[in-house]
Peer 1: 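This is the structure, below, for whatever I ask next.
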Amino acid sequence: MSRPSETRDYGQLMQNALLELSALQAKLNTLEHAATEPIAVIGIGCRFPGGVNSPEELWLLCKNGGDAIAEVPSDRWDVDAYYDPDLSSYDKTNTRWGGFLANINQFDPGFFGISTSEAATIDPQQRLLLEVSWEALENAGYDPLQLAGSQTGVFVGIATCDYYKAMTAIPTRAGTGIANSMAANRLSYFLDVRGPSVTIDTACSSSLVAIHTACQSLRHRESNLALVGGVNIMLLPEVNITFSQAGMMSSDGRCKSFDATADGYVRGEGCGIVILKRLSDAVKDGDRILALLRGTAVNHNGRSVGLTAPNGLAQQAVIRQALTNARVAPHEIDYVEAHGTGTPMGDAIELQAILGVLGQGRMLDRSCGLGSVKTNIGNLEAAGGIAAFIKTVLCLQHGEIPPHPHFKTINPHIDIKSTPFLIPTIDRPINIKPRFAGVNSFGFGGTNAHVVLEAAEESGGAGGQGVASHIKSLLTLSAKTETALRELASCYADSLENHAAPSIPDICFTTNIGRSHFNHRHAIISSGDLPDLIDQLRTFATSKQTTGRLQPDNRPKIAFLFAGQGSQYVGMGWELYNSQPIFRAALDDCDRILRSYLDRPLLEVLYPLGEREKGKGKRGKGKGKETQRLIF
C-alpha cells in the first residue's frame, strides 16, 4: 500500500524560518545592547585636600600642578609625638604629612533630619557622604528629595574606621554611626530609594570596584540611577605607623609617581560621588552628559610573590578585559590615570602592564599620556579610585592632560624612550576625537579594577538656543534658614563670577526644577545680563531685607485668569510661544483641537505670517525639553 503524497510549501516554510531567525536576532541584539550600553556620568560632587570642594576647583588644582599636602593638623594627632625619620622605634612614623580636609567636625544634622545627639555618634565619613551626595545630585540637576521610592542604587567604597577606634566610650545607639556597612545604607535611607545599597572594601580599589558594580546594576536594570563613590578620613596615627614600618610611606610626604626618587606614598582624605545613568535614559531625560563609561573590569592577583605584592600579568588582564568590554582598541586610549602609588617596584610593574597592553597596534604618532592625581592630593585609599575617576572625566571634558607634579627623572626600571607614552610636565592637549581614557586602581590585597571612559559629544545645549536673549528668566533660591539662604546667594555669585557660566536660562531652569524648595525663599528676575544677575545676588546676600518664608500648613492657592473681554490682540503671547515649550505645546494642542471648528487655524489668527517672520530665528530647534539640566 503506497503512502499518500505530501504537499509542502517549502517557500512558506523558509519564509517562516527567516522570520523566526530575524526575531531571535532582534532579541539577541537587544540583550547585547543592554549588556554593553554605555553608562553616562551626569553629576559630580567632591571634597578633596587643598580646599577643593567642587570639580571645577579640582581641575584648577590639577591644571596648575598644585600640591595639596600639608603637615598633620593638631586636631588629628600630635605629629611630634609620633614622628621619627629614622623609625628607631616600632611605634613611630617616618612622615608628618598628609592630604587633609578642613572642618570635618562641622555638620548640619537638622538639614538631614538627624538630632544633634545622634550626629555625635556618626562617623564623619558617613556625614561627608550625605553632604557630597546631595551636592552631586544637585550638580546633575536633580532634586534629591524627588528620588523617594525610585530604583536608585547606592555603591560606596570605605575602609577606615578611625572614629570608632577613637571613641573612649561607645554609646549604645552608636552602632549605625560607626559600622562601615551603614555608609551606603544611610544614604539610601535618607533619600528613601529602593535600589541596591552596597558598601565595598577592597582597600585602595574600593571606589573603582564600586563603579564597576554600579555599571552592572544599571545594565541589569536593578537600578535606574546610581550614586557611586568613596570616602576616607584619617583621625588616628596607627595606620601611618603600620605603613611606615612596612616601608610604604614617603619620607618627604610627597607621592612621586614614576620618578627615580619615589619612596612611597602619602595618605590623603576626601570624598567623591558621581551620578550614573544608562546613556539612553540620560538622553531621553535631557541630562547633561559629562563623560561615557564604556567598559569596566575587576580581577585579583591570585597567588603572586606575596599577598600585598602587585602582579603585572593580572594588571594586564584587567586592562585588556575592560577594553574588550568597552569595545575599544588598545591603541585608541589617549590617557591613562594610573594607580601610581609612588613605590619603585609598584610603579615599574604598573607601567610595564600599561605599555604591554596599550602599546599593541599603536603608532609612534598616537601618543598616550600617563599621570596620577595622587601626586596632587595624596593616596585617598578607599576614595582614591573615585578621585582618579573624577580627574579623568575632567581631562576628557577639557581635552587636556594636566602636568604631572614631582616628576624630574624617570624611575630607572621604567623605559618609555622611543615609545608613544609620555609623562607630561606641562599641559598637553588631546587633539584626537573621539577621546578615550583608562583609569587604574589596585587594592593592596590584590583586587584590581580598570575602567574605560570616553569624552561626551560636545553640545552647546538647547537652553541658549530655545530662549531669546531678551526674555526674562526667574532664578529661585531656597534654604532651611535665612542665614543659609544668604550664603547660598553668595555661593551662586562666586560660581558665576569665577567659572565659565552656562546660559542664564539654563541656570534658572535648574533652580526651578532641579533643586529642593525649602521654606526660606528668594527670587530674582534676570533679563539675561550676567553682571546684573551677579550684582543682584550679592546685594541680597549682604542686605538686611526680610526673606519670604513659606508656611507649610498654609500654602497659598494660585490661579491664572484669562479674561474674555476683548483684550486679545494679534501677536499676543508670541514671546512665550517662542521661548516656553509648555506654553507652545498647549497652544499647539488648542490649534489642533479647534481646526474643525474654525475657518482659519487658531495659530494663523494669533500669529499671522508677518508676526512669524519677525520672530524667525528666536524659536529653538526640536521638541520636548529645550533647556538642559545644569551642572552648577
Side-chain angles (χ1 to χ4, degrees), residues 43-47 51-60 102-103 106 108 110-111 131-132 134-146 288 460-551 558 575 579-580 626-632:
I44 298 175
C46 63
R47 304 277 182 87
V52 169
N53 294 317
S54 69
E56 292 82 8
E57 290 174 351
L58 177 62
W59 179 247
L60 286 176
N103 306 318
Q106 295 183 8
D108 183 358
F111 184 88
E131 294 173 340
V132 176
W134 185 281
E135 293 165 6
L137 285 166
E138 285 197 335
N139 182 265
Y142 280 86
D143 172 2
L145 300 183
Q146 294 299 312
R288 184 173 179 185
Q465 296 175 0
V467 182
S469 60
H470 64 283
I471 298 295
K472 290 181 171 59
S473 300
L474 186 69
L475 184 139
T476 55
L477 303 176
S478 74
K480 291 193 174 184
T481 67
E482 188 165 331
T483 301
L485 185 61
R486 296 189 192 283
E487 289 178 357
L488 181 64
S490 181
C491 286
Y492 266 78
D494 290 343
S495 293
L496 289 170
E497 205 164 55
N498 298 328
H499 304 297
S503 71
I504 289 177
D506 282 347
I507 297 169
C508 294
F509 175 81
T510 300
T511 64
N512 293 328
I513 67 100
R515 296 289 183 267
S516 298
H517 296 291
F518 303 114
N519 290 349
H520 288 268
R521 303 182 176 191
H522 183 69
I524 295 174
I525 298 174
S526 170
S527 60
D529 182 63
L530 185 60
D532 176 66
L533 177 58
I534 294 172
D535 183 61
Q536 289 192 66
L537 285 164
R538 295 214 182 279
T539 298
F540 169 70
T542 57
S543 73
K544 302 285 187 184
Q545 85 179 79
T546 304
T547 61
R549 184 177 182 185
L550 182 69
Q551 301 299 328
I558 300 174
E575 288 187 353
S579 65
Q580 304 301 324
E626 293 198 2
T627 307
Q628 65 183 5
R629 294 182 186 276
L630 167 67
I631 301 171
F632 192 71

Peer 1: Which residues satisfy the side chain to side chain donor-acceptor pair (under 3.5 Å) test with D535, sequence neighbours excluded?
Peer 2: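 Partners of D535 by the side chain to side chain donor-acceptor pair (under 3.5 Å) criterion come out as none, since no residue qualifies.
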Peer 1: Nearest heavy-atom pair of G141 and T510: which atoms, and what distance?
Peer 2: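 Shortest heavy-atom contact: CA-CG2, 4.2 Å.
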Peer 1: Atom OG of S54 and atom CD of E135: how far apart are they, to the nearest 0.5 Å?
Peer 2: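 With rounding to 0.5 Å, OG (S54) is 9.0 Å from CD (E135).
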Peer 1: Which residue is it: T476, L533, L475, I524? I am looking for the one with a side chain to side chain contact (heavy atoms under 4.5 Å, CB included) to C508.
Peer 2: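 Exactly one option meets the side chain to side chain contact (heavy atoms under 4.5 Å, CB included) with C508, and it is L475.
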Peer 1: Side chains of Q580 and E575: closer than 4.5 Å at any heavy-atom pair?
Peer 2: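 Q580 vs E575: side chains apart.
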Peer 1: Among all residues two or more places apart in sequence or in another chain, which pass the side chain to side chain donor-acceptor pair (under 3.5 Å) test with S543?
Peer 2: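 Only R486 meet the side chain to side chain donor-acceptor pair (under 3.5 Å) criterion with S543.
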Peer 1: For the atom pair OG1 (T539) and CD1 (I534), what is the distance rounded to the nearest 0.5 Å?
Peer 2: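 T539 atom OG1 to I534 atom CD1 measures 11.5 Å (nearest 0.5 Å).
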Peer 1: Please name all residues satisfying side chain to side chain donor-acceptor pair (under 3.5 Å) with E487, sequence neighbours left out, ordered by chain then number.
Peer 2: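 If we apply the side chain to side chain donor-acceptor pair (under 3.5 Å) test to E487, skipping adjacent residues, there are no hits.
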Peer 1: If the condition is side chain to side chain donor-acceptor pair (under 3.5 Å), which residues does S516 pass it with, not counting sequence neighbours?
Peer 2: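 Checked S516 against side chain to side chain donor-acceptor pair (under 3.5 Å); matches are D143.
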Peer 1: With a 4.5 Å heavy-atom cut-off, do L485 and R521 have their side chains touching?
Peer 2: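 Sidechains of R521 and L485: no contact.
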Peer 1: Just to verify, what does D494 make a side chain to side chain contact (heavy atoms under 4.5 Å, CB included) with, not counting sequence neighbours?
Peer 2: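 With neighbours one apart ignored, the set is S490, N498, R538.
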Peer 1: For the residue pair L496 and I507, establish whether any side-chain heavy-atom pair is separated by less than 4.5 Å.
Peer 2: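 They are in contact (side-chain heavy atoms under 4.5 Å apart), so the answer is yes.
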Peer 1: Of all heavy-atom pairs between A140 and G43, which one has the smallest distance, and what is that distance?
Peer 2: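 Between these two residues, the closest heavy atoms are CB-CA, 3.8 Å.
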Peer 1: Do K480 and H520 have side-chain heavy atoms sitting under 4.5 Å apart?
Peer 2: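 No, side chains not in contact.
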Peer 1: Could you go step by step and tell me if D532 and Q536 meet the side chain to side chain donor-acceptor pair (under 3.5 Å) rule?
Peer 2: CA-CA 6 Å; D532 176 66; Q536 289 192 66; 2.9 Å; yes
Peer 1: Please identify each residue that fulfils side chain to side chain contact (heavy atoms under 4.5 Å, CB included) with L488, with sequence neighbours left out.
Peer 2: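 Checked L488 against side chain to side chain contact (heavy atoms under 4.5 Å, CB included); matches are L477, Y492.
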Peer 1: Which class fits the ring pair W134 and F111: parallel under 30°, tilted 30 to 60°, perpendicular over 60°?
Peer 2: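 W134 and F111: perpendicular rings.
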Peer 1: Atom CG in N103, atom CZ in R47: separation rounded to 0.5 Å?
Peer 2: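 Output value for this atom pair is 9.5 Å.
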Peer 1: Please say whether more than 12 non-hydrogen atoms of neighbouring residues, nucleotides or ligands are located less than 6.0 Å from CG in L474.
Peer 2: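 Counting other residues, nucleotides and ligands, CG of L474 exceeds 12 neighbours.
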Peer 1: How long is the straight-line distance from CZ of F509 back to OG of S503, given to the nearest 0.5 Å?
Peer 2: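 Separation between the atoms: 11.0 Å.
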Peer 1: Under a 3.5 Å distance rule, please check whether R515 uses its side chain to pair with a backbone N or O of E138 as donor and acceptor.
Peer 2: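 Flag set: sc R515 to bb E138 pair under 3.5 Å.
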Peer 1: Which heavy atom of H517 sits nearest a heavy atom of N512, and at what distance?
Peer 2: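 Closest approach of H517 to N512: NE2-O, 2.8 Å.
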